[in-house]
Structure formats: structure tokens, C-alpha cells
Amino acid sequence: MAENIGNLKRTHNCEALRSKNIGEEVVLAGWVQRRRDHGGVIFIDLRDRTGITQVVFNPEGNKDVHEKAHNIRSEYVLAVKGKVVPRPEGTVNPKLPTGEIEVLVSDLKVLNESKTPPFMIEDDIDIAETLRLKYRFLDLRRPSVAKGLIMRHKVSTSVRNFLNGEGFLDIETPMLTKSTPEGARDYLVPSRVNAGAFYALPQSPQLFKQILMVAGFDRYYQIVKCFRDEDLRADRQPEFTQIDMEMSFIDREDIMAMAEKMMARIFKDVLGLELTGHFPVMTYDETVTRYGLDKPDIRFGLEHVDLTEIMKGCGFKVFADAASKGGIVKAINVKGGATLSRKDLDDLTAYVGNYGARGMAWIKVTESEWQSPIVKFFTDEEIGRIKELTGAEVGDLLLFGSDKAEVVNESLGNLRNELARRLKLVDADTYSFLWVTDFPLLEYDGQTKRHVAIHHPFTAPLDEDLSLIDSEPAKARSKAYDLVLNGNEVGGGSIRIHDQSLQQKVFKLLNISEEEAGAKFGFLLDALAFGAPPHGGIAMGLDRLVMIMSGVDSIRDVIAFPKTQKAACMMTEAPSQVEPEQLTELNLSLNIPKKED
RNA sequence: GGGGCCGUAGUUAAGUUGGUUAUAACGCCGGCCUGUCACGCCGGAGGGCGCGGGUUCGAGUCCCGUCGGCCCCGCCA
């Protein structure tokens with residue numbers, strides 16, 4: 001039977017007591033981590049989110065209390081009153097911060113019993129994630145899991161303190177808002193009072209924060225949920241949290257400086273690390289050329305070497321064709337990689353296959369020869385050029401990609417990361433930020449056969465590329481910037497268009513008709529026409545940032561109640577069917593296609 | 001939409017070329033135990049192998065389908 005607290009109000013948490021507390025009468029409350037019943041004396045490790053204290057039931061003390069303690073099991077909830085005493089000579093536990101003392105119990109209340117938990121509440125256990133998520137309330141009792149949420153709290157606290165100090169205002173924006181074209185798939189919410197009409201959950205507060213700038217709130221922030229109905233990954237959940245900010249009367253270097261200062265503050269407050277100097281800045285073109293990806297991890301080398309020019313007329317048809325027909329040929333020199341086995345190479349070939357590469361040529365540089373299936377196709381001069389450009393030395397491994405530029409860059413870019421993982425080229429505790437700037441304004445979407453905005457349609461072009469908007473829009477670059485941390489995109493933003501005519505011009509480029517622009521973004525165009533200040537901002541992915549800072553591989557580990565890959569919550573079993581009456585009230589009917597047999 | 005991996009006691013796993021009553025560890029239950037902290041010792045219960053078909057004398061092992069989980073591609077302004 002569960003007892004009420006009564007007079008046993010706790011005086012300390014389970015990590016608080018030390019030798020200096022010896023002699024004090026204290027009350028602790030928490031969960032039973034473990035019981036060691038010796039028939040006579042009974043030890044219980046009492047746990048709360050701060051730590052563990054050993055409490056002792058001695059039969060020579062209170063008989064009733066000792067009797068009661070026999071029935072205690074794992075995860076029972078206890079309040080104990082007792083005296084802090086030193087542990088007897090030789091029984092100090094150096095593994096526990098509280099290991100020099102124990103609490104000799106004089107009064108006990110079993111605040112609640114517990115069923116035997118489906119898994120043990122401790123770190124370093126190996127359990128299926130689906131079970132952890134179903135019993136998330138138990139999983140979250142494990143210190144390593146709680147640690148992620150505690151760190152998340154520290155990060156958001158640090159962010160608020162910093163931005164409040166810099167004069168930013170925390171202003172909430174609607175969760176029930178308007179569906180807009182472009183971007184990700186919206187989560188829709190039917191309107192009961194407007195039959196047939198829908199709200200959308202925000203993909204980000206983008207337009208609202210711009211409107212707030214027009215309204216004169218020249219420094220805004222919000223730690224806010226965003227929703228995108230797209231497929232999940234280890235670093236993507238359908239609802240996620242952004243540190244969203246926007247400033248007026250600034251240019252991009254001001255936003256970048258502010259974001260850097262904020263990151264420095266977060267790392268200082270939360271990890272005690274000093275981030276010194278400015279974050280390096282690299283243009284989009286440079287990242288793609290050197291690393292293949294626009295979010296390179298710059299903690300290790302393995303940079304790409306472009307061999308397109310020298311392969312144009314070579315005897316290896318695959319390379320020659322790619323090089324002369326608009327594609328590219330690139331190589332990575334894996335220093336000391338000649339020790340990789342044939343199986344390793346097969347694995348890596350399969351790996352680049354994920355990104356559309358149809359193969360992966362390689363050359364092992366050994367004392368006696370260039371060992372490779374393709375080296376026989378090259379002239380001595382070509383081999384010399386390859387050697388020169390890649391810096392190949394004895395013991396190295398050269399890996400090649402040849403195809404359309406996107407395929408080569410994507411596959412070799414990801415291969416580079418994979419090699420670093422396999423060869424353990426990075427120290428897990430290092431943090432390396434990078435700004436990526438000068439993104440193209442537009443990209444061509446082969447599916448819809450039109451240009452779409454790379455960042456979003458409100459991103460300003462670079463000043464020097466303004467004239468390209470009319471002549472060669474595909475070449476125009478934007479005032480967008482991404483913040484990359486250890487190869488992960490943790491933030492992105494831009495200077496926005498604050499001129500109504502330029503905004504209309506960009507909509508036109510994106511094949512958004514005047515009518516459509518008016519219908520979907522009329523309020524923004526309106527606002528821009530009423531004295532919009534120059535403005536811009538950035539949004540940081542809180543989940544990803546905390547994931548990296550806490551050294552875990554999935555944002556699920558830093559979200560209290562995350563969803564599985566099918567966007568389901570194992571605990572609540574959301575999403576679920578609803579009563580027909582609810583649908584009727586919303587003027588909805590279901591039309592679920594039958595599966596074909 | 002596609003590729004890969006996985007599903008066996010509460011948990012984590014083992015399970016030979018298909019072949020008696022499906023193993024182990026931890027956990028759980030009972031007993032003993034006054035200094036343990038992964039307490040110890042003795043004893044015990046617990047699953048029919050995600051689900052549904054099929055092949056076979058016989059299926060956890062083979063085949064088909066299906067559900068669920070994880071990683072990835074597509075998708076994610």
C-alpha cells in the first residue's frame with residue numbers, strides 16, 4: 001500500500017550528503033536502485049536524479065522498520081529518516097560521491113510500490129530502443145539518459161541568458177498558422193469552425209519573425225517547436241526545436257558574430273570550454289570542391305583531389321567518358337590506407353553505392369608497384385600526374401569517383417566521413433565549427449522542372465550578384481549561411497529581402513505567379529511595403545546541438561519523448577484513429593486507398 | 001517509393017547440414033545469511049521462437065506474405 005509523505009519531507013537529495021554532514025538527522029526520498037538483504041542488516045541504494053546514497057536498516061535499531069524493509073523491492077519509492085553516520089573502517093565506497101557516509105534509518109515510509117521493471121534502471125545496459133521508448137518513464141530514470149535532458153536544459157538556459165543580455169525579446173508566434181507552398185510537407189490541422197479549411201503547423205516561424213522586424217522588435221528570439229512531415233532519420237524528427245533569432249539594421253557578418261558569441265557562451269556555460277577566435281568561413285563552392293559536401297567535417301584531412309582535366313583522354317574509358325562528357329573525376333588519398341583489405345574496399349564500394357556511385361576504383365601504392373585493377377589503363381605520364389596531384393606515397397590508398405559532379409561529390413564526400421569513422425581519425429571530444437557562405441540562390445528541381453530556392457524564397461542575393469537576377473539567375477549567390485559543427489548542419493540563416501519589388505522578382509523567378517504570391521504571402525509583401533528595415537537571422541537546431549555536445553548519435557537521445565522512424569510514439573501509441581464523431585464535426589471523411597494484392 | 005540489418009523466457013543473447021522434454025547469463029520468486037555495494041550460498045518458476053500461411057514424417061532453423069524496430073537513399077525551402 002502506498003503511504004503518504006506525512007512528516008517525512010525530504011531535507012537533502014540523494015547526492016548531497018558528505019562526511020561534513022555526519023551526525024545530522026536527515027530525510028531522503030527516492031527510488032530503490034538495489035537492495036542487499038543480509039538477513040540481518042539490509043542495505044538499500046536510494047536513487048534520485050542527482051545520485052545515490054546508501055541507507056542502512058539495522059535489526060538492532062527499530063524492529064518494525066527493519067521488518068518493513070524486508071519487503072522492499074527494486075524501484076519502490078521510499079522516504080527514510082535517519083542519522084548520517086560514517087561508514088565503518090574498510091567499507092567506504094570510493095565509486096560513490098556519497099561513499100564515505102550512509103544513513104542509518106530510524107523511520108521509513110514506502111511511498112509507493114513498483115512492479116518489477118522490464119529492464120534494469122542503470123547505465124551500460126543493452127536494451128531494444130523500442131522497449132526503452134515504450135517505458136520511457138523508466139528509461140529516463142537512467143542517469144545517462146537523464147544527462148541528455150539536463151544538458152538540454154542547461155543549453156536553453158544559457159541561450160536565454162545570453163540573448164536576454166543582448167537585448168533580444170522572446171516573442172511567441174502561432175502554432176496554428178497558414179500552409180505555404182515551397183519547403184517541406186506541412187502537418188495540417190482541420191478547422192472546425194471553417195469547414196474545409198486547414199491550419200498548418202509551422203515549419204519554422206520564418207514569416208512571423210520577419211513581420212516582427214517590420215513591427216520594430218529589432219531583436220527577436222524564440223526557442224520553438226517546428227514541424228515537418230518528412231521521413232525521419234537519426235538526426236531528424238517530425239517535431240524538433242529551433243533556437244530562432246532575427247535582427248534588424250544588420251548585415252550577415254553581424255548575425256554570424258552574434259551566433260558565434262552565443263555558441264561560445266553555451267560551450268562555456270555547459271561544457272566549461274572556451275571557444276577561442278572566430279569560426280572559419282568557407283564558401284559553398286570551396287566546401288564542395290575540397291570536401292564534396294556543404295557541411296564538411298574539417299577535423300581531418302582526406303580532401304578531394306580533382307583529376308578531371310588529366311583524365312579527359314586517358315585509356316580508362318569510365319574516367320575518360322566522365323571527364324569529357326560534363327562529369328568529373330576525383331580522388332581521395334587515404335594516407336597509410338594500403339593496409340585495407342579487399343573486403344574493406346568492397347564495403348566502401350557498397351557504401352558509395354548508397355549515393356548513386358556505380359563503382360569505386362582504387363590504387364594501392366606499395367613498395368614494388370601500383371596495385372590496382374585500373375592502373376594498366378594509364379600511361380606513365382598519367383600515373384606521374386596522379387601521383388603529383390594526390391601526393392601519393394608508398395603505403396597510401398587512392399580511391400576514385402567518376403560520374404556526374406553531384407554523384408561524385410556526394411559519394412566521395414560521404415566516403416570521406418565514413419573513412420574517418422573507420423580509421424578513427426577524429427577525437428570524439430573535439431568541436432570544430434565552420435561557417436559555409438555564398439550558397440547559390442536557386443537550384444534546378446528536375447522533378448518539377450523549375451528553379452527552387454536553396455534556402456527559402458525570402459533570402460537576399462549577394463549585393464554583387466543583384467544584376468545576375470535578371471541575366472543569369474542560376475549563377476546568383478545568396479546571403480545565406482550555414483553553421484556546421486563536426487560535419488553536422490546545426491544552424492542556418494540568411495539576410496532577408498526587405499524590398500518588396502525584389503521579393504516579387506524572386507517569386508517570379510521561382511515560378512510563383514503574382515496571384516499565388518498574393519494568396520500565400522500577401523501579408524509579407526504587404527508588410528515589406530510599409531517600411532521594412534533591413535533584417536536577417538538564423539535558426540539553430542537545438543536537438544542536433546545538444547546531441548553533439550552530449551556525444552550521442554541520435555537526437556532521440558536528447559528528446560524526452562521522441563518518435564520512431566514511422567513517426568509513432570511507442571508510449572502513447574500516437575498517432576491513432578479517432579471517433580467518427582470527431583471526423584463528422586470537422587467535416588472530414590476518410591478515403592484510404594486499398595492495398596493492391 | 002527503394003536498399004540493408006534485426007525480431008527466440010522479463011532482458012540480452014546462443015541455437016550445428018531441419019530431428020528427443022529450446023540453452024545461458026542477468027532479472028524474478030522462495031529459503032539461509034549482521035557490513036554489502038555487480039553481496040554470497042541453496043532451491044525454483046518462467047518462453048515454444050513477432051504474426052499468418054506453405055514445404056516436410058518433422059520447422060526457431062527452408063519458402064512466401066505481413067507487422068514492428070534501427071541505419072541509409074529518395075524526401076527534408
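Computed from a prediction, not measured in an experiment: that's the story for all the values here. The chains referred to below are lettered A, B, ... by the order of the sequence lines, with proteins before strands, and numbering in each begins at 1.
When heavy atoms are screened at a 4.0 angstrom cut-off, A/I125 is found touching no nucleic acid atom at all. Residue contacts for A/E102: at a heavy-atom cut-off of 4.0 Å it reaches a base atom on one of the strands shown. Using a 4.0 Å heavy-atom cutoff across all strands shown, A/I454 reaches sugar-phosphate atoms only and no base atom. Counting non-hydrogen atoms under 4.0 angstrom, A/E60 reaches a base of the nucleic acid. Contacts of A/P88 with the nucleic acid, taken as non-hydrogen atoms under 4.0 Å apart, include base atoms.
Remark: A/F227 engages no residue in a ring-ring contact (aromatic ring centres under 6.0 Å, His included) (not counting sequence neighbours).
Checked by atom type, the side-chain pair A/H451/A/E443 shows no donor-acceptor distance below 3.5 Å. Side-chain contact, A/N409 with A/Y291: no donor N or O sits under 3.5 Å from an acceptor N or O. No side-chain N or O of A/T283 forms a donor-acceptor pair with one of A/D438 less than 3.5 Å apart. A side-chain donor-acceptor contact under 3.5 Å links A/R496 and A/S494. Between A/S179 and A/D186, the side chains place a donor N or O and an acceptor N or O closer than 3.5 Å (distance only, hydrogens not considered). Under the 3.5 Å distance criterion, with hydrogens and angles disregarded, a donor-acceptor pair is assigned to the side chains of A/D344 and A/S341. The closest side-chain donor-acceptor pair between A/T173 and A/Q222 falls under 3.5 angstrom.
Contact of the A/R422 side chain with the A/D347 side chain is registered, since non-hydrogen atoms from C-beta on lie closer than 4.5 Å. At a threshold of 4.5 Å between non-hydrogen side-chain atoms, the residues A/W31 and A/Y76 do not count as touching.
What separates CZ of A/R544 from P of B/C76 is a distance of 14 Å, to the nearest Å.
Straight-line distance between the P atoms of B/C57 and B/G18: roughly 15 Å, to the nearest whole Å. The same atom, C1', is picked in B/A14 and in B/A9; the two are 13 Å apart, to the nearest Å. Rounded to the nearest Å, the gap between the C1' atom of B/G60 and that of B/A38 is 32 Å. The separation of B/C6 from B/G74, taken at their C1' atoms, amounts to 23 Å, rounded to a whole angstrom. For the C1' atoms, the distance from B/U16 to B/C62 is 15 Å, rounded to whole Å. A gap of 16 Å separates the C1' atoms of B/G15 and B/U20, to the nearest Å. B/A13 and B/A22 have their C1' atoms separated by 14 Å, with the value rounded to a whole Å. Across B/G10 and B/C29, the matching P atoms stand 15 Å from one another, rounded to whole Å.
Nucleotide B/C76: unpaired (no Watson-Crick or G-U wobble partner with both distances less than 3.5 Å). Applying the Watson-Crick and G-U wobble criteria (two distances, each under 3.5 Å), B/G43 pairs with B/C29. Figure legend. B/U56 is base-paired to no nucleotide; pairs are counted as Watson-Crick or G-U wobble with both atom distances under 3.5 Å. Checking B/U21 for Watson-Crick or G-U wobble geometry (two distances, each under 3.5 Å) identifies no partner in any strand.
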Could you list the protein-to-nucleotides 69-71 of chain B atom pairs, N/O on both sides, closer than 3.5 Å?
unit_1 : atom_1 : unit_2 : atom_2 : d
B/G69  : OP1    : A/T564 : OG1    : 2.9
B/C70  : OP1    : A/Q565 : N      : 3.3
B/C70  : OP2    : A/Q565 : N      : 2.7
B/C70  : O3'    : A/R556 : NH2    : 3.1
B/C71  : OP1    : A/R556 : NH1    : 3.0
B/C71  : OP1    : A/R556 : NH2    : 2.8

Produce the list of close N/O pairs, under 3.5 Å, pairing protein atoms with atoms of nucleotides 38-40 of chain B; give distances to one decimal.
unit_1 : atom_1 : unit_2 : atom_2 : d
B/A38  : OP2    : A/K95  : NZ     : 3.2
B/C39  : OP1    : A/R34  : NH1    : 3.3
B/C39  : OP2    : A/R34  : NE     : 3.2
B/C39  : OP2    : A/R36  : NH1    : 3.4
B/C39  : N4     : A/D37  : O      : 2.7

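Enclosure of atom OH in A/Y187 by more than 12 non-hydrogen atoms of other residues, nucleotides or ligands within 6.0 angstrom is indicated.
Between the side chain of A/E230 and the base of B/G74 there is no donor-acceptor pair of N/O atoms closer than 3.5 Å.
The nearest heavy atom of RNA chain B to A/D231 and to A/L104 marks one nucleotide each, and the one closer to the 5' end goes with A/L104.
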### Task
For A/R34 and A/E122, run salt bridge (charged side-chain N to carboxylate O under 4.0 Å, His left out): C-alpha distance rounded to whole Å, both residues' side-chain angles, the deciding distance at 0.1 Å, then the answer.
CA-CA 10 Å; A/R34 214 176 277 276; A/E122 57 190 37; 2.7 Å; yes

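Between the A/D45 side chain and the A/I52 main chain, no donor and acceptor come within less than 3.5 Å of each other.
Near RNA chain B, meaning a heavy atom under 4.0 Å from it, residues 68-77 of chain A has A/R73, A/S74 in order of number. Against RNA chain B, the stretch residues 341-355 of chain A makes heavy-atom approaches under 4.0 Å through A/N354, A/Y355.
With its ring centre under 5.5 Å from that of the base six-membered ring and a plane angle below 30°, A/F43 counts as stacked on B/U36.
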Table please: side-chain donor-acceptor pairs of residues 234-241 of chain A below 3.5 Å, with sequence neighbours left out.
unit_1 : atom_1 : unit_2 : atom_2 : d
A/R236 : NE     : A/D231 : O      : 3.4
A/R236 : NH2    : A/D231 : O      : 2.6
A/Q237 : OE1    : A/K563 : N      : 2.8
A/Q237 : NE2    : A/K563 : O      : 2.9
A/E239 : OE1    : A/K225 : NZ     : 3.0
A/E239 : OE2    : A/K563 : NZ     : 2.9
A/T241 : OG1    : A/R152 : NH2    : 3.1

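The side chain of A/R87 approaches B/G35 more closely than any other nucleotide in the set B/U34, B/G35, B/G10. Listed nucleotides B/G27, B/C75, B/U36 differ in distance to A/M120; the shortest reach to its side chain belongs to B/G27.
A/A568 and A/P575 make their closest contact through CA-CD, 4.0 Å (heavy atoms, listed as atom of the first residue, atom of the second, distance). Across A/M540 and A/I538, no two heavy atoms sit closer than the pair CE-CD1, 3.6 Å.
Annotated as anti: B/G50, whose O4'-C1'-N torsion sits more than 90° from 0.
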